[in-house]
Amino acid sequence: MDRRPSSPVNQRRRRTDGVTKITRLQVETDRGVFMISVAARLANMHPQTLRMYEARGLIEPQRSPKGTRLYSQEDVERLKRIQEMTAELGLNLAGVERVLDLELQIDEMHARIEEIEQQALQAQVRLAEELEQVRRSFRAELAVPYRGGLELVRAADAKSPFPNRPTRS
């Protein structure tokens, strides 16, 4: 699951010396904080439905040390989404499972594509650097002949474009 920034979950007002203070609590969206009754109320469904979804593997709440189910805000959003798929789209729970599995596969593929694109970009940069090194190493050895057109010739093999003239003494 992705880590989203904490979001305000609750606001409490406290009176201290006649002054009202508002305290905002920040809770990570993937941290289990709601007991089953609260999560069921937030998702607008019966607690037994949450137990059934858990048994089907559609939701996996965290557990307290004593074994109490603890639902996160992300779990509640997932429950709402499952309810939307069953009620509004008419999917059965097997269909919901399939949709959620396919979405997970798509997310994994997107992550893999991003990874491959990053690797390709790094390879492209490496190749450009190597090409520049090769160009620099051949620059000293290569010369374009005056009459030769587009061919590259090693400087040692290049002929003078001027005919040999007899030397004057």
Side-chain angles (χ1 to χ4, degrees), residues 1-139 150:
M1 292 190 176
D2 63 334
R3 296 264 180 199
R4 294 188 186 133
S6 300
S7 60
V9 174
N10 195 4
Q11 290 184 0
R12 285 188 250 166
R13 296 175 189 247
R14 295 182 184 159
R15 295 200 90 180
T16 308
D17 300 332
V19 177
T20 302
K21 288 186 177 181
I22 297 177
T23 304
R24 207 174 268 252
L25 300 176
Q26 300 288 327
V27 178
E28 294 176 17
T29 58
D30 63 343
R31 183 172 172 219
V33 293
F34 305 118
M35 293 177 60
I36 192 167
S37 59
V38 176
R41 183 173 289 154
L42 290 171
N44 200 24
M45 56 181 64
H46 195 276
Q48 190 60 36
T49 306
L50 275 67
R51 291 184 188 96
M52 181 180 63
Y53 288 174
E54 181 183 359
R56 292 288 305 250
L58 293 172
I59 193 87
E60 196 172 320
Q62 297 171 14
R63 297 282 181 157
S64 72
K66 292 185 178 182
T68 304
R69 291 174 179 88
L70 295 175
Y71 294 86
S72 67
Q73 185 63 40
E74 288 177 4
D75 292 334
V76 171
E77 295 303 319
R78 185 176 175 102
L79 290 166
K80 289 178 182 179
R81 189 141 182 280
I82 292 169
Q83 185 179 35
E84 178 184 315
M85 283 190 269
T86 56
E88 295 177 17
L89 301 178
L91 293 176
N92 60 17
L93 293 182
V96 170
E97 283 181 77
R98 186 68 179 136
V99 167
L100 295 175
D101 286 343
L102 290 172
E103 287 177 345
L104 181 61
Q105 288 178 14
I106 289 170
D107 289 344
E108 289 170 352
M109 285 187 240
H110 279 275
R112 181 68 180 134
I113 288 170
E114 286 180 22
E115 180 183 322
I116 291 170
E117 286 175 342
Q118 187 68 23
Q119 290 172 353
L121 184 61
Q122 290 170 351
Q124 187 178 8
V125 168
R126 259 192 330 274
L127 287 173
E129 290 170 351
E130 289 175 20
L131 180 61
E132 186 57 31
Q133 286 177 346
V134 169
R135 282 185 183 147
R136 276 193 236 124
S137 70
F138 280 112
R139 227 176 248 150
L150 300 175

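Below, all heavy atoms of this structure are taken into account, side chains as well, without hydrogens, waters or symmetry copies.
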Pairing residues for [X] by the side chain to side chain contact (heavy atoms under 4.5 Å, CB included) criterion, not counting sequence neighbours:
X     : answer
Leu91 : Met85, Leu89, Val96, Val99
Thr49 : Met45, His46, Met52, Tyr53
Glu84 : Glu88

Can you find a side-chain donor-acceptor pair between Glu129 and Gln133 that sits under 3.5 Å?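 Judged by distance alone, the side chains do not pair up.
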Evaluate the side-chain contact (heavy atoms from CB on, under 4.5 Å) criterion for residues Arg69 and Leu50: first the C-alpha distance (whole Å), next the side-chain angles of each, then the deciding distance (0.1 Å), finally the verdict. CA-CA 10 Å; Arg69 291 174 179 88; Leu50 275 67; over 6 Å; no
Asn44 backbone acceptor or donor facing Gln83 side chain under 3.5 Å: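 Side chain of Gln83 to backbone of Asn44, a donor-acceptor pair under 3.5 Å: yes, one is there.
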Single hit among Glu74, Arg81, Lys80 for side chain to side chain contact (heavy atoms under 4.5 Å, CB included) with Glu77: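 The single option meeting the side chain to side chain contact (heavy atoms under 4.5 Å, CB included) with Glu77 is Lys80.
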If the condition is salt bridge (charged side-chain N to carboxylate O under 4.0 Å, His left out), which residues does Glu60 pass it with, not counting sequence neighbours?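 Residues passing salt bridge (charged side-chain N to carboxylate O under 4.0 Å, His left out) with Glu60: none at all.
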Among residues at least two apart in sequence or on other chains, which ones pass salt bridge (charged side-chain N to carboxylate O under 4.0 Å, His left out) with Arg98?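 Partners of Arg98 by the salt bridge (charged side-chain N to carboxylate O under 4.0 Å, His left out) criterion come out as none, since no residue qualifies.
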Applying side-chain contact (heavy atoms from CB on, under 4.5 Å), run through Thr86 and Asn92 and close with a yes or a no. CA-CA 6 Å; Thr86 56; Asn92 60 17; over 6 Å; no
If you define the side chain from C-beta out and look only at heavy atoms, does anything of Ile36 sit under 4.5 Å from Arg51?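 In short, these two side chains touch, coming nearer than 4.5 Å.
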Report yes if some heavy atom in the side chain of Pro61 is under 4.5 Å from a heavy atom in the side chain of Leu70; otherwise report no.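 When only atoms from C-beta onward are counted, Leu70 and Pro61 do not touch, as no gap falls below 4.5 Å.
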Which side-chain N or O atoms in residues 104-126 pair as donor and acceptor under 3.5 Å with protein atoms at least two apart or in another chain?
{"from": "Arg112", "atom 1": "NH1", "to": "Glu115", "atom 2": "OE2", "distance (Å)": "2.7"}

Which atoms form the tightest heavy-atom contact between Tyr71 and Asp75, and what is the distance?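 Answer, listing the atom of Tyr71 first, then Asp75: CA-OD2, 3.6 Å.
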With sequence neighbours excluded, residues passing side chain to side chain donor-acceptor pair (under 3.5 Å) with [X]:
X     : answer
Arg63 : Glu54
Glu97 : Arg56
Arg41 : none

Evaluate Arg78 against Leu100 for side-chain contact (heavy atoms from CB on, under 4.5 Å), listing each step before the verdict. CA-CA 10 Å; Arg78 185 176 175 102; Leu100 295 175; 3.2 Å; yes
Would Arg135 and Glu130 count as a salt bridge (Lys or Arg N to Asp or Glu O under 4.0 Å) if you check the C-alpha gap in whole Å, the side-chain angles of each, and the deciding distance to 0.1 Å? CA-CA 9 Å; Arg135 282 185 183 147; Glu130 289 175 20; over 6 Å; no
